[in-house]
Amino acid sequence: WAGAGTFTHGTSTLAMTGAGKSLNYLTGEVLGHLLIDNSSGTVTASVLTGTNNLTVSSLKVNDSSASFTAPAGTLTINGEDSSGYAIDIDGVYVHSSGTVTLAANTSTNIDLLPSSGTGLNNLTITNGINYPQTATTLAGNLTIDGGTFNTDSDTALTVTGHVSVTGTLTGNASAISVGSMIVNASGTYTATSGTTTITSETNSHAFRVSGSGTLANSDGTILITTPAETRIKMNGTGNIHTLKVNHASCVVFTHTDSAGITLEGDLIIIAGTLNTSEQGGSDKNLTVAAGETDIQAAGTLTGNASAISLKALTIRDGGTYNGTSGTTTITGEQGGYAWKNDETDGTGFVHNNGIVKITGTDNTHLIETTFYDLTVDANGQNVFLRPSSGTAMTIANNFTLIAGIVGKNSHTHTLTVTGLCNVGDGSGSANTAHLDTSTSGTAITNFGALTILSDGKYTQSTTTNVGSIRNVGGTIA
């Protein structure tokens, strides 16, 4: 085939059946439907002069004996064949580091799974709704400038490079793995209900939703495995549902133009670090609204001076919560525990002179050896204090009980409040706040100072050691 004259393709199909042949054309030439059906060698797309770009109505690489070496520039496909496929690769596809652009203004099927080899390099979507019928692997980038890439029957999508969404990417329940992703202004990522895995970064960002971009999270998971310092940035519409971090060298910084980011599901740090600071910038608030926060054996959550609100917190043996110097608010519980620190050597929670505030509406336990400031505002609920190891729990500064019933988990446990313990705040009815340390046996409670306000009640231990005590209309039993 030589580009020596004018070719009017109409609705015809150009079938290339020769072994080791070249498809020669002028740059930007438009052919009809292209069928690669050779039985040996490869058909090589080769431009005679200029940039190696070619446009066809559809492309089919017929079977495992067929092989096509694509243009090193851009292969544009602007239609579909009689079977409803814009591109159908059933043989060998050699990408030549080029780009395939799908521009058909229709709903069409695509099959990008070759019989062998790497398949496509870069894929650009500019139009239509494109439904992959097999798992898709791209050695380069996926760019959705317009139209839709819809994984249809939950076909897997793997992109080694960057994904840029200005149109729509619909993930269904597919396994999706990308190097990095940005949802641009007017773009939409309707996420997989499974896991979107991010393995690298682009321009220092692993995952980014720009202003006027939309993330519809589908209750799915974003998993960051980038082996470096990187960023997630949330400026558009929608929140991440569940966020996981899992690489020992990964440090994820939270960026947003608003006050903070919200996770609607869980935060699970398997390995690596989530840091609530903008890298080199201000601290951002973190809210984990409805799920658990689980810091596993090689994981770290660094809170800086952020306002942090979690439903429940678990620090596993080997994990670290490097706490905010502000307030960590716990709004619920998970499995009977609002706060559960399983690290027994005292390194699991670095308090940084911050406040931990318990506001849940369930009976619950707090497992911790040392808090700095602890506030409990859990009206009508029982909150049991239990050390992570040994028999002593220390509140290194102040303990404020606004509402609820707080007691020790065992009579063998000693509670020490180094600073001021306030029971009640004077705004509730009698006994709204009840500190009950009346476990039998050798129970000991130590206070730097103790104040019982009008809505407070203190039930004594076997031994109560106190530097000073004030009863402002409360009850001591």
Side-chain angles (χ1 to χ4, degrees), residues 97 118-119 121-123 135-143 156-165 169 171 174-183 189 191-192 194-210 215 217 220-234 240-256 261 263 265-281 283-284 286 288 293-304 306 314-322 343 347-348 350:
S97 299
T118 58
N121 182 42
N122 299 322
L123 176 64
T136 297
T137 297
L138 303 178
N141 303 321
L142 172 61
T143 303
L157 172 63
T158 301
V159 181
T160 302
H162 181 54
V163 175
S164 175
V165 183
L169 174 59
S174 299
I176 295 180
S177 177
V178 302
S180 58
M181 182 183 294
I182 183 170
V183 182
Y189 176 38
T192 172
T195 298
T196 302
T197 301
I198 312 290
T199 62
S200 187
E201 64 175 5
T202 297
N203 297 327
S204 300
H205 288 80
F207 184 78
R208 181 175 181 176
V209 181
S210 299
L215 170 65
N217 65 45
T221 296
I222 303 291
L223 169 61
I224 311 292
T225 64
T226 307
E229 292 186 350
T230 192
R231 304 170 183 176
I232 57 173
K233 188 165 187 176
M234 302 298 294
I240 294 172
H241 185 73
T242 290
L243 177 65
K244 293 183 179 181
V245 179
N246 189 16
H247 194 288
S249 300
C250 184
V251 181
V252 178
F253 293 89
T254 57
H255 284 239
T256 178
I261 68 168
L263 306 180
D266 301 326
L267 170 61
I268 301 174
I269 306 174
I270 302 166
T273 299
L274 180 70
N275 189 310
T276 61
S277 173
E278 290 189 317
Q279 199 170 14
D283 299 334
K284 293 299 181 178
L286 172 65
V288 183
T293 298
D294 184 0
I295 306 173
Q296 298 188 8
T300 299
L301 172 60
T302 299
N304 302 291
S306 303
T314 297
I315 306 167
R316 302 201 195 188
D317 190 7
T320 301
Y321 174 37
N322 193 352
E343 176 59 78
T347 63
V350 182

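Since we're looking at a predicted model, the values are computed, not measured.
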Peer 1: Knowing that exactly one of T192, T197, I222, I198 qualifies, which makes a side chain to side chain contact (heavy atoms under 4.5 Å, CB included) with I176?
Peer 2: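 Considering T192, T197, I222, I198, a side chain to side chain contact (heavy atoms under 4.5 Å, CB included) with I176 is found only for T192.
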Peer 1: Within this structure, what is the CG-OG1 distance for the pair N322 and T276, rounded to the nearest 0.5 Å?
Peer 2: 9.5 Å
Peer 1: Could you list the residues that satisfy side chain to side chain contact (heavy atoms under 4.5 Å, CB included) with T136, not counting sequence neighbours?
Peer 2: L112, P132, L138, F149, L157
Peer 1: Evaluate the side-chain proximity of V165 to V163: yes if any heavy-atom separation is below 4.5 Å, no if none is.
Peer 2: yes
Peer 1: Pair L169, M181 - check side chain to side chain contact (heavy atoms under 4.5 Å, CB included), show working.
Peer 2: CA-CA 11 Å; L169 174 59; M181 182 183 294; 3.9 Å; yes
Peer 1: List the atom of T199, the atom of S177, and the distance in Å for their closest heavy-atom pair.
Peer 2: CG2-OG, 3.8 Å
Peer 1: Do T137 and T118 come within less than 4.5 Å of each other through their side chains, counting heavy atoms only?
Peer 2: no
Peer 1: Is there side-chain contact between I232 and I224, with at least one heavy-atom pair below 4.5 Å?
Peer 2: yes
Peer 1: For the backbone of D283 and the side chain of S306, can you confirm whether one donor and one acceptor N or O come within less than 3.5 Å of each other?
Peer 2: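 Looks like no, no N/O pair under 3.5 Å.
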Peer 1: Can you list the residues that meet the salt bridge (charged side-chain N to carboxylate O under 4.0 Å, His left out) rule with R316, with sequence neighbours excluded?
Peer 2: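 Listed in chain order: D294.
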Peer 1: To the closest 0.5 Å, what do you measure between CD (E201) and OG (S180)?
Peer 2: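 The OG atom of S180 is 8.0 Å from CD of E201, to the nearest 0.5 Å.
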Peer 1: Looking at every heavy atom in both N203 and H205, which two are closest together, and how far apart are they?
Peer 2: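 N203 and H205 have their closest heavy atoms at O-ND1, 2.9 Å.
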Peer 1: Would you mind reporting whether F253 and E278 have side-chain heavy atoms less than 4.5 Å apart?
Peer 2: no
Peer 1: Test side-chain hydrogen bond (donor to acceptor under 3.5 Å, both in side chains) on N304 and S277 and set out the steps.
Peer 2: CA-CA 7 Å; N304 302 291; S277 173; 4.8 Å; no
Peer 1: Taking T226 for the side chain and S200 for the main chain, is one N or O donor matched with an acceptor at less than 3.5 Å?
Peer 2: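 Flag set: sc T226 to bb S200 pair under 3.5 Å.
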Peer 1: Do T225 and H247 have side-chain N/O donor and acceptor atoms under 3.5 Å apart?
Peer 2: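 No, H247 and T225 have no side-chain donor paired with an acceptor closer than 3.5 Å.
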Peer 1: Do L223 and N246 have side-chain heavy atoms sitting under 4.5 Å apart?
Peer 2: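 In short, these two side chains touch, coming nearer than 4.5 Å.
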Peer 1: I need the minimum non-hydrogen distance between A248 and A271, along with the two atoms involved.
Peer 2: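 In terms of heavy atoms, the two residues are closest at N-CB, 3.9 Å.
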Peer 1: Which heavy atom of C250 sits nearest to which heavy atom of T230, and what is that distance?
Peer 2: SG-CG2, 4.4 Å
Peer 1: If I take atom CG from residue L215 and atom CD1 from residue I240, how far apart are they, to the nearest 0.5 angstrom?
Peer 2: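 Taking CG in L215 and CD1 in I240, the distance rounds to 7.0 Å.
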Peer 1: One pair to check against side chain to side chain contact (heavy atoms under 4.5 Å, CB included): R231 and R208. What are the steps and the verdict?
Peer 2: CA-CA 8 Å; R231 304 170 183 176; R208 181 175 181 176; over 6 Å; no
Peer 1: Just checking, any donor-acceptor pair under 3.5 angstrom between side chains of S97 and N121?
Peer 2: no
Peer 1: Kindly say whether A228 contributes a backbone atom to a donor-acceptor pair with the side chain of S249 at under 3.5 angstrom?
Peer 2: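 Pair absent, no side-chain N/O of S249 close to backbone of A228.
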Peer 1: Do K284 and H255 come close enough that some side-chain heavy atom pair is under 4.5 Å?
Peer 2: no
Peer 1: Without swapping roles, check the side chain of N141 against the backbone of H162 for a donor-acceptor pair under 3.5 Å.
Peer 2: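 Judged by distance alone, yes, a pair lies under 3.5 Å.
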Peer 1: Mind listing the closest non-hydrogen atom pair of Y189 and T196 along with its distance?
Peer 2: OH-OG1, 2.6 Å
Peer 1: Starting at CG of L274, measure out to OG1 of T302 and round the result to the nearest 0.5 Å.
Peer 2: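 So the CG of L274 and the OG1 of T302 are separated by 8.0 Å.
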Peer 1: Got a second to check how far T293's OG1 is from L267's CG, nearest 0.5 Å?
Peer 2: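 Answer for the OG1-CG pair, T293 versus L267, is 5.0 Å.
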Peer 1: Could you measure the distance from the NZ atom of K233 to the CZ atom of F207? Nearest 0.5 Å is fine.
Peer 2: 14.0 Å
Peer 1: Are any of the side-chain heavy atoms of L286 and I261 separated by less than 4.5 Å?
Peer 2: yes
